[in-house]
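What follows is one structure encoded as structure tokens, with my remarks underneath.
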Amino acid sequence: MINKLAYIFDRKDKIKLFFLFILIVIGSFLELAAVAIFSPFINFLMNPSEVENNGILSRISTQFHLNTYEQFLTFMCIIIIIIYVAKNIFLLFKQWYNIRFSNDVQNRLAVRMLSVYMREPYTFHLNKNIAVLQRSIQNDTLQFSIAMVNMVQLLSEILVCFSLGMMLFVVSRSMAMIVALLLFVCVGLYMKITRRFIKKLGKEFQFYSAKIYQWINQSLSGIKEVKVLSREEFFIESFGKYNKLAVRMNGINKLIQGSSKYLVETVCMVGLFLVIIARIYYSQHDTSTFVAQLAVFAMAAFRLLPAANRINEHFSTMNYASASIDLIYEDLVEIENHDGTAARKQETQTDWNFENSIVIRNISYAYPNTDENVLDDACCEIPKGKTAAFIGSSGAGKTTLADIILGLLPPQRGKVLADGMDIFKNIDLWHKQVGYIPQVIYLADDTIRNNIAFGVNEESIDEASVEAALKKAQLYDFVDNLPEGLDTFVGDRGIRLSGGQRQRIGIARALYHDPEILVLDEATSALDNETEIAVMEAIDSLKGLKTMLIIAHRMTTIKNADIIYEIADGKITKRDKKDIIDIT
């Protein structure tokens with residue numbers, strides 16, 4: 001675990017951890033002082049002449065002119081008050097620093113996890129369930145943060161127990177050794193027995209957490225279909241099933257952690273009173289000395305018992321969170337150590353404008369974990385300013401080709417060349433020239449303006465570009481007549497808009513940065529005929545102004561295309577418009 005944490009933490013985190021360790025050491029000394037001060041206090045209560053016999057107490061009495069029993073007793077009470085106030089203020093500061101540190105780590109780690117996931121190639125997301133990624137970013141980083149708090153507190157409690165144990169050993173070797181031996185054996189056995197079981201609980205909780213996110217997503221994302229089909233109970237029961245199991249895992253873990261309190265208390269009390277019984281029958285020590293020792297042990301027990309109990313709890317919590325630490329470490333190592341941004345690192349040009357044509361040269365592609373090529377040595381060319389339509393049966397590879405042209409899927413063989421430039425070696429320059437209009441437009445629960453300038457900070461949005469994009473998408477009049485205009489909220493996934501309006505916002509989004517190339521992947525297939533005609537008018541108005549690649553299966557969508565390519569058996573074949581009668 002330490003090796004994994006060393007990888008996960010950056011240099012600043014390690015410096016803060018070192019500072020936290022210093023605070024822990026100081027805190028443990030203050031804890032020791034708060035208990036140790038009671039030994040001379042109790043000795044003085046039971047034997048006032050102890051001041052004269054003890055060199056330190058005698059010097060204190062002389063230095064501060066403490067001439068009476070009452071004055072010296074008052075002085076010692078004030079010292080104890082000062083020690084306890086100072087100790088608890090310091091420990092409160094240490095606890096605040098620890099919590100702030102763990103919260104900062106959780107925040108940075110969650111951002112780091114999202115960052116590495118988003119920078120992964122598109123193929124990474126094809127094989128990942130979004131619920132698992134959500135759990136990793138939120139739940140696993142939270143568990144990691146909790147583990148950090150407990151790790152620091154575990155170290156703190158161990159130092160406190162060690163320092164108090166040394167003090168008690170000085171006060172009475174026999175009592176300290178017997179109690180320590182019993183405690184060590186019982187707590188050690190407890191940890192050994194519960195360790196694997198708690199780790200297993202943590203692993204199961206991690207699995208159920210992903211299922212919870214999954215069923216929340218599925219229940220609310222498909223609420224329209226759920227209500228139409230009256231399937232509410234199915235989704236509620238499915239969510240409840242996994243939520244119940246996750247809550248159960250947490251409950252069992254808390255029960256195991258809580259049980260350590262009773263074990264520690266029982267062992268300490270049994271050990272202490274066995275020592276008392278032995279001393280009664282076999283020891284010849286002065287009774288007052290023995291009573292003073294017992295009083296010191298009693299004071300130490302008020303701090304030692306909770307500390308020993310919390311050691312068990314912190315240990316259990318860290319084991320419970322170990323599955324999250326493992327997952328974060330493995331994901332970061334796997335993603336950060338492989339060359340996932342090779343295309344960006346290979347960029348050789350700093351400025352580029354599309355001038356001539358896009359050439360698909362001998363492209364072959366097979367999806368991960370499959371042997372069959374979707375595209376096999378496929379070739380075609382799209383001149384600048386032309387509209388090229390790609391047709392073919394379902395599963396022929398039309399969308400795969402679109403994703404390759406968009407730079408999302410690097411082909412196993414072949415190249416995509418734009419004016420002779422390999423797009424995968426200059427992917428950022430390529431993306432500046434490309435606009436994408438998918439079949440289903442993703443709209444955030446935000447304003448029309450922010451959905452068009454998707455991913456741009458509100459203060460950086462170019463209003464002129466938004467207006468120009470709306471006009472090209474033939475949506476300007478509709479938005480202009482809305483009471484709130486561009487500030488109109490579209491609802492979650494654009495639920496307050498019609499299908500045609502959502503699609504036109506998608507077109508406006510693609511046109512916002514005024515790209516030279518538009519890729520339309522079944523952009524109108526989900527629309528009814530009348531709405532499709534209206535949307536196609538907006539698309540056709542761009543003919544000759546933009547280079548367009550249209551993936552389609554309806555004849556109406558491609559009737560104005562300059563070039564038609566058919567994709568079949570992994571190949572791309574140019575077709576004459578007169579030969580295309582029925583496209584399926």
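Partners of Arg502 under the side chain to side chain donor-acceptor pair (under 3.5 Å) rule, at least two apart in sequence or in another chain, do not exist in this structure. Under the ring-ring contact (aromatic ring centres under 6.0 Å, His included) criterion, Tyr208 pairs with no residue, sequence neighbours left out.
A heavy-atom distance below 4.5 Å is found between the side chains of Arg509 and Ile441. Side-chain contact check for Glu467 versus Glu463: every heavy-atom pair is 4.5 Å or farther apart. The shortest distance between side-chain heavy atoms of Met148 and Leu5 falls below 4.5 Å. Tyr565 has its side chain out of reach of Ile391: every pair of non-hydrogen atoms, C-beta onward, lies at least 4.5 Å apart. Contact of the Leu201 side chain with the Ile256 side chain is registered, since non-hydrogen atoms from C-beta on lie closer than 4.5 Å. Here the side chains of Thr488 and Val479 are not in contact, with every heavy-atom distance at 4.5 Å or above. Using a 4.5 Å heavy-atom threshold, the side chains of Leu133 and His125 count as touching. For the pair Lys546 and Asp514, the minimum side-chain heavy-atom distance is below 4.5 Å.
Counting only residues at least two apart or in different chains, salt bridge (Lys or Arg N to Asp or Glu O under 4.0 Å) contacts with residues 201-219 are absent. Listed by first and then second residue, the side chain to side chain donor-acceptor pair (under 3.5 Å) pairs involving residues 320-329 are Lys4-Asp326, Asp140-Ser324, Asn250-Tyr320 (not counting sequence neighbours). Applying the side chain to side chain donor-acceptor pair (under 3.5 Å) definition to pairs two or more places apart or across chains, none involves residues 233-246.
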- Message: Please evaluate residues Ile507 and Leu520 with respect to the criterion side-chain contact (heavy atoms from CB on, under 4.5 Å), reporting the C-alpha separation (whole Å), side-chain torsions for both, the decisive distance (0.1 Å), and the verdict.
- Response: CA-CA 9 Å; Ile507 295 171; Leu520 297 87; 5.7 Å; no

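The heavy-atom pair separating Ile8 from Arg112 by the smallest distance is O-NH1, 2.7 Å. Between Ala510 and Ile437, the closest heavy-atom pair is CB-CG1, 3.7 Å. Closest approach of Ala469 and Ile452 over heavy atoms only: CB-CG2, 4.5 Å. Across all non-hydrogen atoms, the minimal contact from Val519 to Ala402 is CG1-CB, 4.1 Å. Among all heavy-atom pairs drawn from Ser102 and Ser145, the shortest one is O-OG, 3.3 Å. Leu545 approaches Ser541 most closely through the heavy-atom pair CD1-O, 3.8 Å.
No side-chain donor-acceptor contact under 3.5 Å links Asp480 to the backbone of Tyr476. At least one donor-acceptor pair closer than 3.5 Å links the side chain of Lys14 to the backbone N or O of Ala6. Between the Lys472 side chain and the Leu542 main chain, no donor and acceptor come within less than 3.5 Å of each other. The backbone N or O of Met548 sits nowhere less than 3.5 Å from a side-chain atom of Thr387 that would complete a donor-acceptor pair. Formation of a donor-acceptor pair under 3.5 Å by the Asn253 side chain with backbone atoms of Met249 is not found in this model. In this structure, the side chain of Gln206 engages the main chain of Ala323 through a donor-acceptor pair within 3.5 Å. Not a single donor-acceptor pair under 3.5 Å links the side chain of Gln218 to the backbone N or O of Tyr213. Within the 3.5 Å criterion, the main-chain N or O of Leu429 finds no donor-acceptor partner in the side chain of Asn426. Between the side chain of Ser209 and the backbone N or O of Phe205 there is at least one donor-acceptor pair closer than 3.5 Å. Side-chain N or O atoms of Asp419 include one that pairs as donor or acceptor with a backbone N or O of Glu355 at under 3.5 Å.
At a threshold of 4.0 Å, the pair Asp562-Lys543 counts as salt-bridged, since one of the basic side-chain nitrogens sits closer than that to a carboxylate oxygen.
For the atom pair CG of Asn129 and CD of Gln214, the computed distance is 5.0 Å after rounding to the nearest 0.5 Å. Separation of atoms NZ (Lys398) and CG (Leu375) is listed at 11.0 Å; rounding is to 0.5 Å. Considering CZ of Phe454 and CD1 of Ile505, their distance stands at 12.5 Å, rounded to 0.5 Å. Going from atom CG of Asp446 over to atom CD1 of Ile448 covers 10.5 Å, rounded to the nearest 0.5 Å. Annotation: the span from Ile572 atom CD1 to Ile363 atom CD1 amounts to 8.5 Å, rounded to 0.5 Å. Put simply, CD on Glu566 and OG on Ser393 are 8.0 Å apart, with the number rounded to the nearest 0.5 Å.
Within 6.0 Å of CD1 in Ile495 there are 12 or fewer heavy atoms belonging to other residues, nucleotides or ligands. Annotation for Lys199: atom NZ does not count as buried by contact number, only 12 or fewer foreign heavy atoms lying within 6.0 Å. Within a 6.0 Å radius of CG in Asp10, more than 12 heavy atoms belonging to other residues, nucleotides or ligands are found.
A donor atom on one side chain and an acceptor atom on the other are not found under 3.5 Å apart for Gln134 and Gln138. Side-chain contact annotation: Asp331 with Tyr117, donor-acceptor N/O pair under 3.5 Å present.
Taking the six-membered ring for Trp and thresholds of 30 and 60 degrees, Phe101 and Phe9 have ring planes inclined between 30 and 60 degrees apart.
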Kindly list each side-chain donor-acceptor pair under 3.5 angstrom involving residues 403-418, sequence neighbours excluded, with atom names and distances?
residue	atom	partner	partner atom	Å
Gln412	OE1	Ala366	N	2.7
Gln412	NE2	Ala366	O	3.0
Arg413	NH2	Ser364	OG	3.1

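The aromatic ring centroids of Tyr365 and Tyr367 lie less than 6.0 Å from each other.
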